[in-house]
There are 2 protein chains.
Amino acid sequence: MYSVAIEDYLKSIWKLGSKDVGTQELASHLDIKPASVTKMILRLTEMGLVDHTPYKGASLTRRGELEALSVVRRHRLLETFLSQTLGLARDELHVEAERLEHALSKELEAAIAEYLGNPTRDPHGHPIPGPNGELYEETDLPLSDSPINMTLTVMQVPDNDSNILSWLENNNIYPGTKLKIISRDDFDGGINVRIGLSKIRISSSIASLVKISFEE
Amino acid sequence: MYSVAIEDYLKSIWKLGSKDVGTQELASHLDIKPASVTKMILRLTEMGLVDHTPYKGASLTRRGELEALSVVRRHRLLETFLSQTLGLARDELHVEAERLEHALSKELEAAIAEYLGNPTRDPHGHPIPGPNGELYEETDLPLSDSPINMTLTVMQVPDNDSNILSWLENNNIYPGTKLKIISRDDFDGGINVRIGLSKIRISSSIASLVKISFEE
DNA sequence: TATAAAGTTTAGCCAAGGCTAAACTCATTG
DNA sequence: CAATGAGTTTAGCCTTGGCTAAACTTTATA
Ligand SMILES: [Mn+2]
Ligand SMILES: [Mn+2]
Ligand SMILES: [Mn+2]
Ligand SMILES: [Mn+2]
């Protein structure tokens, strides 16, 4: 069993992409100083969880990736479980799962997955990796560059910013919501959207965080 | 928020009684060396959580006691929650709660308590302290020195030894079980008990861990 | 009552995981 | 192509929470 710190490092590197991740980028994501990150990256490299090229960046080895996926699986199962049983709001889930994810045994993970019927998406629409790291490939698209005048289904909302999340919730935007882009403001990329009977404007920065799908 | 180590120390001191707790006793309970315990006790004393008389022992201050009760509350609520939702067996609960108890926010604690209807006993029959450390006084008695030939109701079983616990479970002894002591073996304090149609013998060491109540 | 044993504390060590300040590398760019 | 500045690493420090070995107290025993 890896430490809380190590699990969070691996998850962060995983989230920041498959490319080489910079020290500073990782530091700000973990809210830690760059020098501390360098030191930990050296340890993770030593452990065979990370590949590191000095002055260039770090990436996960296969072993590191599997461990990261395991943490992500626990996180997303927990969010789903807390939502389902206790009815926590979508914007309260992330912060709780962030701590609980490190305290979940394999057995409890399995019991929760079974209880939930082995879900493939969490309450934010994020895919839940399988018990052996299986992750189906993404086909959802950012709302920010989706076609106009088509019926779109919201598939994913962000999980880590509870302000954005509660704004979206208040405007009835969450996985399953049907909406249509009416127009796009060229000057700043903001979009005007119809949801049911109401029309709202969504800034491009937020629209890029919402993922959708649609029929051909 | 106190560290995992500190929370476990406080809980252990609390469990080991209201008297002064010895270094060695605490060390073996926490599976740690006595010298490490002494060092931590000094820190806890510094923090105002513990009173310490050198070469005599340590006891909780009121603040330390309240913190210990908070950990115990989280532990027992979690056991109840996992039992209720996932149906975990009584002998699997403790080890899971032992880690999760340190990752539970006040909000999640409250949500779980409410979901469960503010229970006062966990699945082992142990009383659950209230949100402000309220704990009703115990009236349950050890089965080992209970009256003979009366209908007794099992109120509490131990939670930390899964071997004993599954033996008890296999013999249908758990909170709510009705039983009657038929006779007591004077030579070793073992008792012979009728549960429903079957009769079994319970050693005195196990009988002292099972608590019962009965009508006058 | 002197001494041995049991229990406790102190001293000194270590690893994990933070920090700051200083040194280093590398990609610009003047 | 040399100098600057952004980003990264190194050096050295700190706290937490373990450990062992040695010293110290207290208690029990001869
Ligand atoms: Mn986390
Ligand atoms: Mn999520
Ligand atoms: Mn614990
Ligand atoms: Mn219990």
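The sequence lines fix the lettering, A, B, ..., with proteins before strands; numbering per chain opens at 1.
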A.B. asks: Rounded to whole angstroms, how far apart are CD1 on A:Ile41 and P on D:dT10?
C.D. replies: 13 Å
A.B. asks: When the distance from CG of B:Leu30 to P of D:dC19 is rounded to whole Å, what number comes out?
C.D. replies: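 Going from CG in B:Leu30 over to P in D:dC19 covers 10 Å.
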A.B. asks: In whole Å, I'd like the distance from the CD atom of B:Gln24 to the C1' atom of C:dA5.
C.D. replies: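 Taking atom C1' of C:dA5 as the reference, CD of B:Gln24 is at 12 Å.
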A.B. asks: Expressed in angstrom and rounded to an integer, what is the separation of B:Leu26 atom CG from C:dT9 atom C1'?
C.D. replies: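 Result: 15 Å.
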A.B. asks: Filter on ring-ring contact (aromatic ring centres under 6.0 Å, His included), then keep only pairs touching residues 52-73 of chain A, sequence neighbours left out; what's left?
C.D. replies: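 Checked against ring-ring contact (aromatic ring centres under 6.0 Å, His included) - neighbours excluded - no pair reaches residues 52-73 of chain A.
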A.B. asks: In residues 71-88 of chain A, what donor-acceptor pairs under 3.5 Å come from side-chain atoms, sequence neighbours left out?
C.D. replies:
residue, atom, partner, partner atom, Å
A:Arg73, NE, A:Glu109, OE2, 2.7
A:Arg73, NH1, A:Pro129, O, 2.9
A:Arg74, NE, A:Ser70, O, 3.3
A:Arg74, NE, A:Ser70, OG, 3.4
A:Arg74, NH1, A:Glu7, OE1, 3.4
A:Arg74, NH1, A:Glu7, OE2, 3.2
A:Arg74, NH1, A:Glu101, O, 3.0
A:Arg74, NH2, A:Glu7, OE2, 3.4
A:Arg74, NH2, A:Ser70, OG, 2.9
A:His75, ND1, A:Glu101, OE1, 2.8
A:His75, NE2, A:Glu79, OE2, 2.9
A:His75, NE2, A:His94, ND1, 3.1
A:Arg76, NH1, A:Pro127, O, 2.7
A:Glu79, OE1, A:His124, ND1, 3.0
A:Thr80, OG1, A:Arg76, O, 2.7
A:Thr85, OG1, A:Phe81, O, 2.7

A.B. asks: What residue pairs, at least two apart or across chains, pass salt bridge (charged side-chain N to carboxylate O under 4.0 Å, His left out) with a residue in residues 80-94 of chain B?
C.D. replies: B:Arg90-B:Glu169
A.B. asks: For residues 125-143 of chain A, which residue pairs pass the side chain to side chain donor-acceptor pair (under 3.5 Å) check, not counting sequence neighbours?
C.D. replies: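 Qualifying pairs, neighbours excluded: A:Arg121-A:Tyr136, A:Arg121-A:Asp140, A:Glu138-A:Gln156, A:Asp140-A:Gln156.
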A.B. asks: Identify each donor-acceptor pair in which a side-chain atom of residues 15-25 of chain A lies under 3.5 Å from a protein atom, sequence neighbours left out, and give them as a table.
C.D. replies:
residue, atom, partner, partner atom, Å
A:Lys19, NZ, A:Leu16, O, 2.3
A:Asp20, OD2, A:Lys56, NZ, 2.7

A.B. asks: Pairs in or reaching into residues 2-36 of chain B: which pass ring-ring contact (aromatic ring centres under 6.0 Å, His included), with residues at least two apart or in two chains?
C.D. replies: none
A.B. asks: In a table with atom names and distances, give each donor-acceptor pair under 3.5 Å that connects a side chain of residues 31-51 of chain B to protein atoms at least two apart or in another chain.
C.D. replies:
residue, atom, partner, partner atom, Å
B:Thr38, OG1, B:Pro34, O, 3.4
B:Thr45, OG1, B:Ile41, O, 2.7

A.B. asks: Polar-atom pairs under 3.5 Å, protein N or O versus N or O of nucleotides 22-24 of chain C: list them with distances, or write none.
C.D. replies:
none

A.B. asks: Taking CG from B:Leu42 and C1' from D:dG18, how many angstroms apart are they, rounded to a whole number?
C.D. replies: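 My rounded result for the distance is 15 Å.
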A.B. asks: Would you say A:His52 places a side-chain N or O within less than 4.0 Å of OP1 or OP2 belonging to D:dT8?
C.D. replies: no
A.B. asks: Rounded to whole Å, please give me the gap between CG in B:Asp20 and C1' in D:dT26.
C.D. replies: 15 Å
A.B. asks: Polar atom pairs between nucleotides 16-19 of chain C and protein, under 3.5 Å, N or O only, would you list them?
C.D. replies:
residue, atom, partner, partner atom, Å
C:dG17, OP1, A:Ser3, OG, 2.5
C:dG17, OP2, A:Arg43, NH1, 2.1
C:dG17, OP2, A:Arg43, NH2, 2.6
C:dG17, N7, A:Lys39, NZ, 3.4
C:dG18, OP2, A:Tyr9, OH, 3.4
C:dG18, O6, A:Lys39, NZ, 2.6
C:dC19, OP2, A:Lys33, N, 2.9
C:dC19, OP2, A:Ser36, OG, 2.7

A.B. asks: For the backbone of B:Gly190 and the side chain of B:Asp188, can you confirm whether one donor and one acceptor N or O come within less than 3.5 Å of each other?
C.D. replies: yes
